[in-house]
Protein chains: 2
Amino acid sequence: MANKKLTLQIDFRSGLPIYTQIVNQVQAQVASGILKPDDQLPTVRALAEELRVNFNTVARAYRILDEARIISTQQGRGTFITEVPPPKVTERLRRESLEALTQRFVSEALRLGFSKGEIRQMVSDQLKAWSEASKSEE
Amino acid sequence: MANKKLTLQIDFRSGLPIYTQIVNQVQAQVASGILKPDDQLPTVRALAEELRVNFNTVARAYRILDEARIISTQQGRGTFITEVPPPKVTERLRRESLEALTQRFVSEALRLGFSKGEIRQMVSDQLKAWSEASKSEE
DNA sequence: GCCATAATTGTACTAATTGTATCATTGTCA
DNA sequence: TGACAATGATACAATTAGTACAATTATGGC
């Protein structure tokens, strides 16, 4: 499930920079569901070879996608599609997504023996810390 | 008493190196009392097979834990939890574990676009749901 | 019981894979 | 021509995998 082909069409004469074309097409494939969370993208070198471009060009595209939180690049490991932000369309999906995430967190915390009070307090603290720390964020 | 299962959850796309995840989780389980002194951890090869990673990755994690005096690795014998650190250290580890766990959860939820209020509410709901599911819990 | 030998377990070193950082080259356009 | 953006070349760093080895324990013949 984590391996897919990733078909990209690069037009070398289009005037659009190659890295921009890569960014756009990956973005589009994520949006359309062709690429799904956890899918592993080709390595910068593999994709570069396939597209006949320098791997730094692919790396540049990956960096932009990484900064946009669309993919997660990990040195020595590879690059992966991150979870897509839940579409606003269905409130239900959105809720279930948060529910699943929260359930994983809560059950793990409880398993490690933390009390509900501790958990609630820590969540509160972290949320507060985020408010104060986010001058540059979002 | 010296043999236990050691349940670890490795997230291959989390961005955290595998060896770091192993270190964190073992540390958390020691701090929380799930793992006790003299408990034997799985061999590097056994744990590696279970997690589907190379045994050197596990060995690396064990070495870090060994240097932190949390476990004792003995060539030809196995690896064991050492004496519990003094309460002050345990308390710090415990707190750090929860903090790290919570931080990952909160940042992920915020990244997915959920509001602080939604997150707080969902945590509260889940904690409550847990109480009702198992009445014995605090 | 004792010793040789195999099996088990961690260690050390090296290689392979992957992304990162920095600077050089090229090409376009004002 | 000069500036700047895009791409390429090279060296590097982080993570994981491969291979050989050393220490300990288990086993089996005598």
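This is a predicted model, so every value here is computed, not measured. Just so it is clear, the values below take in all heavy atoms, side chains as well, and ignore hydrogens, waters and symmetry mates. First the proteins, then the strands, lettered A, B, ... as listed; each starts at 1.
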Using the salt bridge (charged side-chain N to carboxylate O under 4.0 Å, His left out) rule, take Glu108(B) and Arg111(B) through it: C-alpha gap first, then chi angles, then the decisive distance, then the call.
CA-CA 5 Å; Glu108(B) 179 69 2; Arg111(B) 188 181 72 77; 3.2 Å; yes

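- On a pure distance criterion of 3.5 Å, a polar donor-acceptor pair joins the side chain of Arg45(B) and the base of dG10(C).
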For a salt bridge (charged side-chain N to carboxylate O under 4.0 Å, His left out) check, start with the C-alpha distance between Arg45(A) and Glu49(A), then their side-chain angles and the critical distance, and finish with the verdict.
CA-CA 6 Å; Arg45(A) 286 172 177 80; Glu49(A) 183 176 3; over 6 Å; no

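- Of the possible polar contacts, none joining the Thr79(A) side chain to the Thr73(A) backbone as a donor-acceptor pair under 3.5 Å is found.
- Remark: Glu50(A) pairs with Lys5(A) by the salt bridge (charged side-chain N to carboxylate O under 4.0 Å, His left out) rule, at least two apart or across chains.
- Under the side-chain hydrogen bond (donor to acceptor under 3.5 Å, both in side chains) criterion, Thr43(B) pairs with no residue, sequence neighbours left out.
- Residues from residues 14-21 of chain B with heavy atoms under 4.0 angstrom of DNA chain D, sorted by number: Pro17(B), Ile18(B), Tyr19(B).
- With sequence neighbours excluded, no residue forms a ring pair (Phe, Tyr, Trp, His ring centres under 6.0 Å) with Tyr62(A).
- Rounded to an integer number of Å, the gap from CZ of Phe12(B) to C1' of dT18(C) is 16 Å.
- Nucleotides of DNA chain D that come within less than 4.0 Å of any heavy atom of chain B span, from the 5' end to the 3' end, dT15(D) to dT25(D).
- One can place CZ of Arg77(A) at 17 Å from C1' of dT20(C), the figure rounded to the nearest angstrom.
- A 4.5 Å side-chain heavy-atom check between Arg104(A) and Phe105(B) finds every atom pair outside the cut-off.
- Spacing between atom CZ of Phe80(A) and atom C1' of dT18(C) amounts to 10 Å, rounded to whole angstrom units.
- Taking atom CZ of Arg13(B) as the reference point, atom P of dG19(C) lies 17 Å away to the nearest angstrom.
- Counting only heavy atoms from C-beta outward, the side chains of Ile18(A) and Asn54(A) never approach each other to under 4.5 Å.
- Side-chain contact between Gln74(A) and Phe80(A): present, with at least one pair of heavy atoms (C-beta onward) separated by less than 4.5 Å.
- The closest donor-acceptor contact from the side chain of Thr20(A) to the backbone of Leu16(A) lies at 3.5 Å or more, if one exists at all.
- Taking 4.0 angstrom as the limit, Thr79(A) places none of its side-chain polar atoms (N or O) nearer than this to OP1 or OP2 of dT18(C).
- Taking a 4.0 Å limit (strictly below) on heavy-atom distances, residues 48-71 of chain B reaches DNA chain C at Phe55(B), Asn56(B).
- Checking side-chain atoms of Asp39(B) against main-chain N and O of Lys36(B) turns up a donor-acceptor pair under 3.5 Å.
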